[in-house]
Amino acid sequence: YQDPLNHYSAQLDLAKQEIVVYRVANGNRIRLEREDDLELDPDAWHSLKVFQEQGVIRVYLGGIRVFAERDRMPRISANVGLWTSGDSTVLFDDFRIEDEMEDPPKAGGSPAPKP
């Protein structure tokens, strides 16, 4: 998320039984991928994971990869958020953000130097 006019959105809609990934660029919403006919229980918990790494956005639902889409936009620092719409009742649990671009610590515990 950069701002309301520039962001990505993964939307799980249990009423429509679909999951969709959008890119919003300069206010124009572009559907990157859509999967429908999911047959999910609207009263159950569902795990949604989104990974954006090395130019690919991967979306998992219940631990199963739903789709992977190449991201052609350059990667820049941005924010992450959660969003719901309409009369949805939504609970979030175990929300995590991990930056895979950072180098792991080397032996001795100190981080690797940045170029």
Side-chain angles (χ1 to χ4, degrees):
Y1 181 90
Q2 291 176 291
D3 57 54
L5 300 177
N6 297 283
H7 61 272
Y8 289 89
S9 171
Q11 299 176 6
L12 174 61
D13 187 330
L14 295 176
K16 293 181 182 178
Q17 291 291 310
E18 70 177 11
I19 185 167
V20 184
V21 173
Y22 295 101
R23 177 177 57 231
V24 178
N26 297 319
N28 297 310
R29 187 170 74 168
I30 303 151
R31 185 175 71 197
L32 298 178
E33 192 66 66
R34 176 178 175 257
E35 182 68 37
D36 59 0
D37 297 327
L38 295 176
E39 299 182 21
L40 296 173
D41 179 357
D43 295 322
W45 280 87
H46 300 285
S47 172
L48 178 66
K49 293 184 181 185
V50 179
F51 296 90
Q52 185 174 14
E53 57 191 3
Q54 298 180 359
V56 176
I57 298 171
R58 295 187 330 256
V59 178
Y60 294 80
L61 182 59
I64 299 169
R65 189 173 81 185
V66 180
F67 41 73
E69 177 68 30
R70 177 141 309 275
D71 177 16
R72 292 176 179 82
M73 300 296 290
R75 180 153 183 209
I76 60 170
S77 295
N79 300 298
V80 174
L82 301 171
W83 169 80
T84 64
S85 68
D87 59 354
S88 300
T89 300
V90 179
L91 301 171
F92 296 100
D93 181 38
D94 199 20
F95 178 72
R96 289 181 277 164
I97 302 166
E98 298 174 6
D99 187 353
E100 296 294 328
M101 289 184 63
E102 293 181 7
D103 294 330
K106 294 194 181 240
S110 60
K114 297 289 181 188

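All values below were derived from every heavy atom in this structure, side-chain atoms included, with hydrogens, water molecules and symmetry-related copies excluded.
When all heavy atoms of Val66 and Glu35 are compared, the pair lying nearest together is CG1-CB, 3.6 Å. Contact detail for Val80 and Phe95: the closest heavy-atom pair is CG1-CZ, 3.7 Å. Nearest heavy-atom pair, Pro4 versus Val24, reported as atom, atom and distance to 0.1 Å: O-CG1, 4.1 Å.
Looking at heavy atoms from C-beta onward, Val50 lies out of side-chain contact with Tyr8 at the 4.5 angstrom threshold. In this structure the side chain of Ile19 reaches within 4.5 angstrom of the side chain of Phe67, judged on heavy atoms. Considering only heavy atoms from C-beta on, Leu12 comes within 4.5 Å of His46 through its side chain.
Once rounded to the nearest 0.5 Å, the distance linking CD1 of Ile57 with CZ of Arg23 reads 7.5 Å. For the atom pair Arg29 CZ and His7 NE2, the distance stands at 9.0 Å (nearest 0.5 Å). Note that CD of Glu53 is 4.5 Å distant from CZ of Arg58, once rounded to the nearest 0.5 Å.
Placement of Leu48 and Val21 within a single hydrophobic cluster is found when ILVMFWY residues are connected by side-chain heavy-atom separations under 4.5 Å, directly or transitively. Note: the hydrophobic cluster containing Ile97 also contains Phe92 (ILVMFWY, side chain heavy atoms under 4.5 Å, direct or indirect links).
Listed for the Asn6 side chain is a donor-acceptor partner under 3.5 Å among the backbone atoms of Asn26.
Sequence neighbours left out, the pairs with a member in residues 11-22 that pass side chain to side chain donor-acceptor pair (under 3.5 Å) are Ser9-Gln11, Glu18-Arg34.
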